[in-house]
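Values reported hereafter were calculated over all heavy atoms of this structure, with side chains retained and with hydrogens, waters and symmetry mates removed. Treat the numbers as computed from the prediction; the structure is a model and nothing was measured.
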Amino acid sequence: MVAVPHACLVAAVLAAACGLGSAKYNIIFNVVDDLGWNDVGYHNSRQIKTPFINRLATQEGVRLEQYYVYRFCSPTRSTFLTGRYPYHLGQQTEMNLNPTPGVACGINLAYHSVADVLKKGGYSCYALGKWHLGFTSPAYTPTYRGFESYLGYYSGAEEHFTHEKAGEGKSFYDLSNNSGTTITPDVGDVGENGTYSVYLYGNETIRLLYQHKQKTPTKPFYFYLAWNVVHAPNEAPPNYIDHNADINDKGRRALAAMINAADDAMSAIADELKALDYWNNTLWVMTTDNGGNLGGSGNNFPLRGGKYTFWQGGTRGVAYLAGGVVPKSLHGTTYNGLMHSVDWYTSFATAAGVDVAHTGPIDADGMDTLSCVFKNDTTCRQDVVIQIASTDTQSRPLPNTTGVLIEPPYKLIVGYPGWRNKAWNNIVAPANVSALEGTGPHDDMAMPLGETLGDCSKQCACAPCLYDIHADPSEYNNIASTHADIVKKMHKKLLDYAKTEVSIKESGLCPTKYGTKNDPRCLARAEKLGFWEPWVDVN
């Protein structure tokens with residue numbers, strides 16, 4: 001372990017419990033950005049050093065090894081916030097919400113956030129780190145959506161030290177420190193002497209935990225800590241870079257350093273929870289938002305593909321549970337039942353004693369899977385919908401409904417699941433793997449793929465693909481031709497689900513006249529403040 005200041009603690013505490021008794025307890029919800037399957041030590045011990053994460057996942061907690069997310073950032077985060085599938089929120093197209101500042105879109109305000117729901121159950125809710133769920137007006141920002149405070153950034157990525165974010169051809173800071181109805185740029189932590197993000201969010205998490213203990217010691221709390229590591233740019237303090245000198249590849253070395261920093265910060269937060277006598281009444285969660293970014297030195301070996309794709313490398317997520325509320329009988333075990341990121345919302349609400357009915361225009365899609373995990377009942381969830389799309393970013397109908405459905409052991413893919421070029425479809429070993437016995441590059445598994453939408457040389461574009469992801473987790477063998485009956489049954493089920501799809505236009509995701517295009521008022525506000533900040537309904 002690399003030594004770090006005790007104040008460098010970070011986490012995200014999500015509220016409530018998993019059906020164990022009547023007491024309401026705390027939850028720490030860590031979202032590690034772009035964390036790939038092979039980017040944690042318990043999946044890749046010969047390259048990635050995460051002793052704290054490893055201990056919790058393999059000795060003191062439960063690994064969620066059949067857990068699924070969306071293929072990129074914002075749609076998965078919308079499932080955390082609302083408990084709805086992306087295709088019910090207008091988040092199912094290729095548009096990653098707010099890819100750069102200026103897009104006037106955000107999750108429909110008619111949906112009650114997880115913080116709104118948990119507040120009804122008596123929780124204090126705090127948010128830190130990456131938001132990526134809209135900031136057109138203050139109403140879309142965390143403290144207007146149920147959180148008491150927010151320290152973080154609104155867009156999809158930023159510099160880890162300076163907290164700068166480029167957009168519309170210019171670069172401004174993206175860091176806010178908000179409380180209640182007050183929206184305030186965090187001037188003191190940006191620039192050339194800015195605070196490294198892991199330290200920044202860790203310090204604030206510890207401060208809030210201590211404050212909570214002083215003011216409302218018996219009140220349950222929910223911390224949503226959305227780390228911006230290991231998202232590009234790959235940056236870390238020199239001591240962490242040096243700690244990974246054995247990794248020759250510069251990008252991979254920096255990514256390993258980032259997860260090292262987060263690992264130490266999480267360890268410090270856990271220590272603080274214990275010091276404050278909270279740990280035994282806390283559920284600790286760690287999850288990714290999508291698979292590792294192959295273009296940013298992330299890795300998902302032996303899974304195929306990565307972020308942006310619907311292959312397993314893009315959607316089968318790293319996740320585990322730990323903390324004092326996890327029964328000791330489950331320590332060091334693996335839960336092999338299905339779980340989807342939409343399930344956190346309903347699970348936490350159920351534990352808080354709050355009904356999720358009437359919390360938005362579409363009923364919640366999640367289920368109380370956490371209760372199933374704690375009973376080790378792997379039969380609760382029968383399927384997960386990874387994708388459904390029949391319209392594009394302009395809400396125009398596509399030639400055919402595309403989608404991805406998992407009904408173990410099978411995965412049906414209708415439409416091209418890849419991204420941009422065939423390199424994103426490979427089963428790729430991590431960079432600098434010469435020392436890793438038995439793991440060489442697997443580019444030979446990549447098929448020749450076309451580049452045009454609807455091109456039948458692209459896999460699954462003109463005929464559904466079917467994979468047995470239990471026997472073939474790398475999705476190498478398409479068995480659709482020999483399992484026509486299963487393809488037919490699952491395709492029908494997918495089309496039935498698609499009847500409730502909500503387009504971007506119908507969803508209220510982008511309610512202004514600019515739609516999915518940049519709103520020029522955003523840039524004008526940033527030029528005035530030097531920060532990317534809400535630009536509608538502000539003074």
Derivation and outcome, side chain to side chain donor-acceptor pair (under 3.5 Å), residues Ser155 and Asp174
CA-CA 7 Å; Ser155 60; Asp174 185 1; 2.6 Å; yes

Just do the side-chain contact (heavy atoms from CB on, under 4.5 Å) check on Tyr126 and Phe221 with the steps written out, would you?
CA-CA 8 Å; Tyr126 310 98; Phe221 54 77; 4.2 Å; yes

Using the side-chain contact (heavy atoms from CB on, under 4.5 Å) rule, take Asp365 and Tyr497 through it: C-alpha gap first, then chi angles, then the decisive distance, then the call.
CA-CA 11 Å; Asp365 291 307; Tyr497 282 141; over 6 Å; no

Derivation of the side-chain contact (heavy atoms from CB on, under 4.5 Å) call for Arg304 and Tyr476:
CA-CA 8 Å; Arg304 185 174 190 174; Tyr476 182 60; 5.6 Å; no

I'd like to know whether Val69 forms a side-chain contact (heavy atoms from CB on, under 4.5 Å) with Asp289, so could you lay out the CA-CA distance, the side-chain angles of the two residues, the decisive distance to 0.1 Å, and finally the verdict.
CA-CA 6 Å; Val69 292; Asp289 58 344; over 6 Å; no

One pair to check against side chain to side chain donor-acceptor pair (under 3.5 Å): Thr516 and Gln394. What are the steps and the verdict?
CA-CA 8 Å; Thr516 60; Gln394 304 304 312; 3.2 Å; yes

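Looking only at side-chain heavy atoms (C-beta outward), Thr50 and Tyr42 stay at 4.5 Å or farther from each other. In this structure, the side chains of Met286 and Val318 come closer than 4.5 Å at one or more pairs of heavy atoms. Within the 4.5 Å cutoff, side-chain heavy atoms of Lys411 are placed close to those of Val404. The closest side-chain heavy-atom distance from Met339 to Leu370 is below 4.5 Å. Side chains of Gln92 and Thr391 form a contact here, defined as non-hydrogen atoms less than 4.5 Å apart. Here the side chains of Tyr123 and Phe348 are not in contact, with every heavy-atom distance at 4.5 Å or above. Taking the side chain as every heavy atom from C-beta outward, Cys372 and Arg381 never approach each other to under 4.5 Å. A 4.5 Å side-chain heavy-atom check between Tyr68 and Leu338 finds at least one atom pair inside the cut-off.
The shortest heavy-atom contact between Gly515 and Cys105 is O-SG, 3.6 Å. Considering all non-hydrogen atoms of both residues, Ala389 and Glu501 come closest at CA-OE2, 3.5 Å. In terms of heavy atoms, Ala349 sits closest to Val117 at CB-CG1, 3.5 Å. Nearest approach of Gly508 to Asn108, heavy atoms of both residues: CA-ND2, 4.1 Å. For the residue pair Asp116 and Tyr111, the shortest heavy atom distance occurs at OD2-O, 4.4 Å. Residues Leu89 and Leu509 come closest through the heavy atom pair O-CD1, 3.8 Å.
Annotation: Lys493, atom NZ; neighbour count of heavy atoms from other residues, nucleotides and ligands within 6.0 Å is above 12. Heavy-atom contacts from other residues, nucleotides or ligands closer than 6.0 Å to CG of Asp363 number 12 or fewer.
Rounding to the nearest 0.5 angstrom, the gap separating the OG1 atom in Thr93 from the CD atom in Gln387 is 8.5 Å. Between the CZ atom in Phe301 and the CD1 atom in Ile427 there is a gap of 8.0 Å [rounded to 0.5 Å]. To the nearest 0.5 Å, the span separating CD1 on Ile413 from CE on Met490 amounts to 10.0 Å. Here OG1 of Thr309 is found 7.0 Å from CG of Asn425. Values are rounded to the nearest 0.5 Å. In this structure, CG in Asp34 is found 11.5 Å from OG in Ser297, a value given to the nearest 0.5 Å. Atoms CG and CG, on Leu303 and Asn38 in that order, are 8.5 Å from each other to the nearest 0.5 Å.
With Ser74 as reference, Gln91 is the one residue of Lys130, His132, Gln91 to meet the side-chain hydrogen bond (donor to acceptor under 3.5 Å, both in side chains) rule. Screening Thr79, Thr288, Asn290 for a side-chain hydrogen bond (donor to acceptor under 3.5 Å, both in side chains) with Ser341, the sole residue that qualifies is Thr79.
With hydrogens and angles ignored, the 3.5 Å screen pairs a side-chain donor or acceptor of Thr315 with a backbone N or O of Trp311. With hydrogens and angles ignored, the 3.5 Å screen pairs no side-chain donor or acceptor of Asn300 with any backbone N or O of Gly36. Looking only at distances, no side-chain donor or acceptor of Thr334 sits under 3.5 Å from a matching main-chain atom of Arg63. When atom types are taken as modelled, the side chain of Ser507 and the backbone of Val502 share no donor-acceptor pair closer than 3.5 angstrom. Judged by distance alone, the side chain of Thr82 and the main-chain N or O of Arg84 form a donor-acceptor pair under 3.5 Å. The backbone N or O of Glu475 sits nowhere less than 3.5 Å from a side-chain atom of Gln312 that would complete a donor-acceptor pair. Formation of a donor-acceptor pair under 3.5 Å by the Asp468 side chain with backbone atoms of Asp472 is not found in this model. When atom types are taken as modelled, the side chain of Thr350 and the backbone of Asp368 share no donor-acceptor pair closer than 3.5 angstrom. Judged purely by atom type and a 3.5 angstrom limit, Tyr150 uses its side chain to pair as donor or acceptor with the backbone of Tyr153. When atom types are taken as modelled, the side chain of Asp39 and the backbone of Ile48 share no donor-acceptor pair closer than 3.5 angstrom.
In this pair, Tyr85 and Tyr87 present their aromatic rings parallel. The plane angle is below 30°, not in the 30 to 60° band. Note on ring orientation: taking the six-membered ring where Trp is involved, the planes of His483 and Tyr410 are tilted (angle from 30° to 60°). Aromatic ring pairs are classed by plane angle as parallel below 30°, tilted from 30° to 60° and perpendicular above 60°; the pair Phe147 and Tyr224 is tilted.
Aromatic rings from Tyr70 and Phe310 are positioned such that their centres are separated by under 6.0 Å.
Under the side chain to side chain contact (heavy atoms under 4.5 Å, CB included) criterion, Lys489 pairs with Glu407, sequence neighbours left out. Contacts of Lys499 classified as salt bridge (Lys or Arg N to Asp or Glu O under 4.0 Å), with partners at least two apart in sequence or in another chain: Asp496.
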